> 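This structure is in structure tokens; I'll ask about it shortly.
Start at 1 with the first residue, then count along the sequence. Predicted, not measured: the structure shown is a model, and the values here were computed from it.
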Amino acid sequence: MKSFKLGIFAEYITSLLYMLRFYSILHRRMKTYVGEVDLVAVRGKQLVFIEVKARKNGIYEGVVSKTQQTRIRRAAEWFLAKNPSYHGYDIRFDLVVVAPWSWPLIIKNAW
């Protein structure tokens, strides 16, 4: 249960960080039958699907497996199919790693 609360806190911190950068958060913890996306944000004509990882040790290499990437990509495709108003937008997949005693690390276009 502790790691679940840490993950929720990391998502909250990440959403605040993106809002400070003038992104609008469209969805939090978007779950579909094909996959899940932690955050969906938009700014201008850019749509960003964000995967948030909370790490106690700060190691972020290999935290999103190919299987997870596929599920997130399929969830993004599902979102676009259900929301045709976003079809002309540039799409980006970000990875945000939140570790104690350090600023969140944002990796744009992580895959």
Side-chain angles (χ1 to χ4, degrees):
M1 195 61 166
K2 239 180 181 181
S3 62
F4 177 76
K5 289 181 182 178
L6 180 63
I8 296 296
F9 178 72
E11 289 175 14
Y12 176 73
I13 293 295
T14 302
S15 66
L16 286 177
L17 184 62
Y18 273 83
M19 285 189 290
L20 287 172
R21 294 176 179 208
F22 303 106
Y23 284 84
S24 297
I25 304 298
L26 299 176
H27 288 285
R28 287 182 170 86
R29 305 182 72 214
M30 183 183 78
K31 293 183 182 184
T32 70
Y33 67 94
V34 294
E36 179 182 345
V37 178
D38 292 331
L39 295 168
V40 180
V42 66
R43 182 175 78 180
K45 293 292 268 181
Q46 188 160 51
L47 186 64
V48 184
F49 296 92
I50 305 162
E51 178 67 14
V52 180
K53 292 293 184 180
R55 291 289 176 247
K56 293 179 182 177
N57 56 9
I59 297 172
Y60 61 89
E61 293 179 16
V63 293
V64 181
S65 68
K66 292 289 184 190
T67 305
Q68 286 177 312
Q69 291 176 16
T70 303
R71 287 182 187 151
I72 294 167
R73 185 170 285 123
R74 276 196 253 148
E77 290 169 357
W78 181 88
F79 176 84
L80 290 171
K82 295 293 181 184
N83 299 286
S85 60
Y86 294 108
H87 277 280
Y89 284 50
D90 295 327
I91 297 172
R92 191 174 81 208
F93 294 92
D94 287 1
L95 172 65
V96 179
V97 180
V98 180
W101 312 112
S102 63
W103 288 103
L105 174 65
I106 297 175
I107 303 171
K108 294 182 179 181
N109 290 317
W111 62 89

> Please name all residues satisfying salt bridge (charged side-chain N to carboxylate O under 4.0 Å, His left out) with Arg92, sequence neighbours left out, ordered by chain then number.
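Expected list: Asp94.
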> Consider only side-chain heavy atoms of I, L, V, M, F, W and Y, link residues closer than 4.5 Å, and tell whether Val98 and Leu16 are in one cluster.
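Yes: a chain of side-chain contacts under 4.5 Å links Val98 to Leu16.
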> Check for me, please, whether Val48 and Val96 land in the same ILVMFWY cluster - side-chain distances under 4.5 Å, paths through other members count.
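Yes, because Val48 and Val96 connect within a single hydrophobic cluster, where side-chain heavy atoms sit under 4.5 Å apart.
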> Tell me whether Leu95 shares a hydrophobic cluster with Phe93, the cluster being built from Ile, Leu, Val, Met, Phe, Trp, Tyr side chains joined at under 4.5 Å.
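Both belong to a single hydrophobic cluster.
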> Treat each ILVMFWY residue as a node, draw an edge where side-chain heavy atoms are under 4.5 Å apart, and state whether Ile25 and Ile106 are in one component.
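Shared cluster, yes.
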> Is the shortest heavy-atom distance from the side chain of Leu47 to the side chain of Leu26 under 4.5 Å?
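Side chain of Leu47 against side chain of Leu26, heavy atoms only: contact under 4.5 Å found.
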> Of Arg74, Arg73, Arg71, Met30, which meets side chain to side chain contact (heavy atoms under 4.5 Å, CB included) against Val37?
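It is Met30, the one option of Arg74, Arg73, Arg71, Met30 that forms the side chain to side chain contact (heavy atoms under 4.5 Å, CB included) with Val37.
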> Do Leu105 and Leu39 share a hydrophobic cluster, counting only Ile, Leu, Val, Met, Phe, Trp and Tyr and linking them when any side-chain heavy atoms are less than 4.5 Å apart?
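They do not share one cluster, since no chain of ILVMFWY contacts under 4.5 Å joins Leu105 to Leu39.
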> Could you tabulate the donor-acceptor pairs under 3.5 Å formed by side-chain atoms of residues 8-15, not counting sequence neighbours?
unit_1: Thr14; atom_1: OG1; unit_2: Ala10; atom_2: O; d: 2.8
unit_1: Ser15; atom_1: OG; unit_2: Glu11; atom_2: O; d: 3.4
unit_1: Ser15; atom_1: OG; unit_2: Tyr12; atom_2: O; d: 2.8
unit_1: Ser15; atom_1: OG; unit_2: Arg28; atom_2: NH2; d: 3.4

> Of all the heavy-atom pairs spanning Glu51 and Trp111, show the shortest one and how long it is.
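Residues Glu51 and Trp111, closest heavy atoms: CB-CH2, 4.0 Å.
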> What pairs with Phe79 under ring pair (Phe, Tyr, Trp, His ring centres under 6.0 Å), at least two apart in sequence or on another chain?
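By the ring pair (Phe, Tyr, Trp, His ring centres under 6.0 Å) rule, Phe79 matches His27, Phe49, Tyr86.
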> Which class fits the ring pair Tyr18 and Tyr23: parallel under 30°, tilted 30 to 60°, perpendicular over 60°?
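Because their plane-to-plane angle is over 60°, the rings of Tyr18 and Tyr23 count as perpendicular.
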> Can you give me the closest heavy-atom contact between Ala75 and Thr32, atom names plus distance?
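Nearest heavy atoms, Ala75 then Thr32: CB-OG1, 4.0 Å.
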> Taking the side chain as everything from C-beta on, heavy atoms only, tell me whether Ile72 gets closer than 4.5 Å to Gln69.
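Result no, sub-4.5 Å side-chain heavy-atom pair not found.
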